[in-house]
Every structure is written in C-alpha cells, then in structure tokens.
Amino acid sequence: MNAQTVRVRVWDLPTRLFHWALVGCFVGSIVSVKIGGNALAWHFRLGYVVFTLLAFRLLWGLVGGRWSRFTSFLYAPATLRRYLRGASRPEEGHEVGHSPSGALSVFALLALLCAQVGTGLFADDEIANSGPLVRFVSSATSSLATGWHKHWGQWLILLLVALHVAAILVYRFKRGRDLVTPMLTGDKLLDAAVPASADSLATRALAALLVALCGGGVAWLVSLGG
C-alpha cells in the first residue's frame with residue numbers, strides 16, 4: 001500500500017443496505033412473478049418494499065454520505081465525453097464514487113424502477129390481481145400501465161441489470177478494479193486527500209428515520225385503495 005493511500009469510507013452503511021436490499025427484492029420479484037399463483041402476493045409485498053427503498057434513496061441522494069449524494073455523480077456532458085474517450089482529468093476522481101457511465105446507469109435504473117413501481121400500483125391483469133390504486137384510474141390508463149409493467153418496463157430493467165453486471169465483470173477482469181467489495185465493506189483504497197462519506201451513528205439514525213417515514217408513506221398510499 002502506498003504511504004499516501006488509505007482506506008476511505010466511500011459507501012455509507014445506509015447506501016450499502018439499500019443496494020443489497022434492492023438486489024434481493026429484484027430477484028424475489030422476478031422469481032415470484034414467474035412462479036405465479038399464491039406467490040404473487042409476495043410480488044406485491046416486495047414491490048412495496050422496493051417503493052420504500054426508492055423513496056428513501058431519492059431522499060438519501062440529497063442528505064446522505066458525500067459519495068451517495070446525486071451532486072457527487074451528476075456530470076456535465078463534457079465530462080462524460082472525456083471519460084468515454086479515456087481523457088478524464090486526474091482531479092475529477094472518477095475512481096472514487098460512480099464514474100460518468102456508472103452514473104448514467106444508476107439514474108436510468110432508478111427512473112425505470114420508479115416507473116415499474118408506479119405502473120404496478122395501477123396495473124390489472126383482469127384475472128385475480130390488480131394494483132392497490134387501480135380504482136383511481138380509467139380502464140384505459142390501467143391497461144397502459146399494465147402493458148408497460150408486464151412488458152417494456154420489465155425487459156428494460158432486465159437489460160439494464162445485465163449491462164450493470166457486465167460492467168462489473170469488465171472492470172474486475174479487464175481493468176483490475178473490484179466494484180463489489182467496496183459495496184460490501186464501504187471502503188476503497190484511495191489517496192489520503194480524498195474526503196470520506198459521513199457514516200456515523202447519527203447519519204445511520206437519520207437513515208433509519210427516513211426509511212420509517214418512507215415505509216409509512218407507502219403503507220398509507222397503498223391503504224387508499226383498500
């Protein structure tokens with residue numbers, strides 16, 4: 001280890017828990033919908049958890065650890081062009097948090113997941129399952145939501161996830177950069193001058209409060225359809 005290289009906390013615990021909880025819910029949602037039948041009850045439950053997680057992540061992107069905030073990976077087009085050409089400037093520090101291409105993937109996946117959860121609330125398979133808020137929209141709107149949720153939305157998310165996994169493998173075996181371990185431990189070996197993300201008991205308590213508020217909000221919204 002270089003004398004100037006130290007372990008820097010990049011991914012705070014709330015961000016890491018969000019990430020892996022989302023992975024688990026994603027896998028569970030796919031499995032439950034493929035099984036069908038009574039397993040679809042779990043598809044709905046996991047959907048509500050994903051809704052809560054997404055609401056939390058949007059808030060955490062404003063008040064979370066330094067490298068989890070949207071401002072840390074909201075790049076200008078010129079920065080993205082330099083990155084894609086392999087001409088990034090050393091001071092841009094793309095090896096710390098999300099790279100410009102990684103940032104695009106994150107924003108795209110968050111947007112698609114929000115759309116998937118949103119359409120699921122109004123979807124109706126016209127057999128035995130319908131979203132909790134379907135009664136608030138017309139049948140035509142519900143049909144559009146159902147079409148997106150079951151087809152375009154699902155396949156676009158699967159495509160993005162596949163690209164995400166492929167990028168992790170490329171970074172690991174072609175560029176020698178391990179992106180998985182830091183999302184488990186939270187730390188990266190970086191220059192000592194790189195600022196760390198706050199990850200104290202206070203910030204974790206704030207995250208827990210936000211999750212509780214988001215979960216309560218989702219439960220209230222879903223109850224409107226009851």
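Residues: numbered from 1 along the sequence shown. Since the structure is predicted, the reported quantities are computational estimates derived from the model, not experimental observations.
Considering every non-hydrogen atom in both R16 and M183, the closest pair reads CG-O, 3.1 Å. Of all heavy-atom pairs between H164 and S105, the closest is ND1-OG, 4.1 Å. What you find for R7 and L189 is that their closest heavy atoms are CG-CD2, 3.5 Å. Contact between L224 and F136 at its shortest, heavy atoms only, is O-CZ, 3.6 Å. The minimum heavy-atom distance between L80 and S101, with the atom names listed, is CD1-N, 4.2 Å. In terms of heavy atoms, D12 sits closest to G64 at OD2-C, 4.3 Å.
Taking the centre and axis of the six-membered ring of Y48, the NZ or CZ atom of R45 falls outside the cone set by 45° and 6.0 Å.
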Problem - Verdict with supporting geometry, F44 and V222, side chain to side chain contact (heavy atoms under 4.5 Å, CB included) - result: CA-CA 11 Å; F44 279 87; V222 169; over 6 Å; no
Exercise for the section: Kindly indicate, with the supporting measurements, whether the criterion side chain to side chain contact (heavy atoms under 4.5 Å, CB included) is fulfilled by F122 and L144. Expected result: CA-CA 9 Å; F122 303 99; L144 287 173; over 6 Å; no
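The distance from the CG atom of L17 to the CG atom of L22 is 12.0 Å, given to the nearest 0.5 Å. The CZ atom of R69 sits 14.0 Å away from atom CG of L74, with the distance rounded to the nearest 0.5 Å. Taken to the nearest 0.5 Å, the CZ atom of R57 stands 5.0 Å off from the OG atom of S68. Interatomic distance, Q116 CD to L121 CG, rounded to the nearest 0.5 Å: 11.0 Å. To the nearest 0.5 Å, atoms NE2 (H149) and CG (D124) are separated by 12.0 Å. The distance from the CH2 atom of W11 to the CG atom of L179 is 9.5 Å, given to the nearest 0.5 Å.
When side chains are defined from C-beta on, C25 counts as touching V49, because their heavy atoms get closer than 4.5 Å. For the pair I35/W42, no side-chain contact is recorded, criterion being any heavy-atom separation below 4.5 Å from C-beta on. Y171 places none of its side-chain heavy atoms less than 4.5 Å from the side chain of I168. Looking only at side-chain heavy atoms (C-beta outward), L113 and I157 come within less than 4.5 Å of each other. Annotation: side chain of V96 is not in contact with side chain of V8 (no heavy-atom distance under 4.5 Å). Between L58 and F70 there is a side-chain heavy-atom pair separated by less than 4.5 Å. The shortest side-chain heavy-atom distance between E95 and R175 does not fall under the 4.5 Å cut-off.
Counting heavy atoms of neighbouring residues, nucleotides and ligands inside a 6.0 Å radius, atom CH2 of W152 does not exceed 12 of them. Within a 6.0 Å sphere centred on NE2 of H19, heavy atoms belonging to other residues, nucleotides or ligands number more than 12.
In this view, F56 and W60 satisfy the ring pair (Phe, Tyr, Trp, His ring centres under 6.0 Å) rule, not counting sequence neighbours.
The one candidate from T119, L133, V137 that meets the side chain to side chain contact (heavy atoms under 4.5 Å, CB included) condition with S142 is V137.
Cluster membership check: V106 does not share its hydrophobic cluster with V170, using side-chain heavy-atom separations under 4.5 Å among Ile, Leu, Val, Met, Phe, Trp and Tyr. Under the 4.5 Å side-chain contact rule for hydrophobic residues, V161 and V27 share a cluster. Side-chain heavy atoms closer than 4.5 Å link hydrophobic residues (I, L, V, M, F, W, Y) into clusters, and following such links, possibly through other members, connects L53 to F26. V23 and L46 sit in two unconnected hydrophobic clusters of ILVMFWY residues. Membership requires side-chain heavy atoms under 4.5 Å apart, directly or through other members.
Distance alone, capped at 3.5 Å, is enough to place a donor-acceptor pair between the S223 side chain and the W220 backbone. Although no hydrogens or angles enter the test, the distance criterion places a donor-acceptor pair under 3.5 Å between the side chain of Q154 and the main chain of K150. A distance-only check finds a donor-acceptor pair linking the side chain of W67 to the backbone of P195 [under 3.5 Å].
Relative orientation of the Y75 and H94 rings is perpendicular, given thresholds of 30° and 60° on the angle between their planes. Ring-plane geometry between F73 and H98 is classed as perpendicular, the angle between the planes exceeding 60 degrees on a 0 to 90 degree scale with a lower cut at 30.
Membership of the apolar cluster around L40 extends to V33, as traced through chained side-chain contacts below 4.5 Å between ILVMFWY residues.
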Side-chain donor-acceptor distances from residues 201-214 under 3.5 Å, at least two apart:
| from | atom 1 | to | atom 2 | distance (Å) |
| --- | --- | --- | --- | --- |
| T203 | OG1 | S200 | N | 2.9 |
| T203 | OG1 | S200 | O | 2.8 |
| R204 | NE | D199 | OD1 | 3.1 |
| R204 | NH2 | D199 | OD2 | 3.1 |

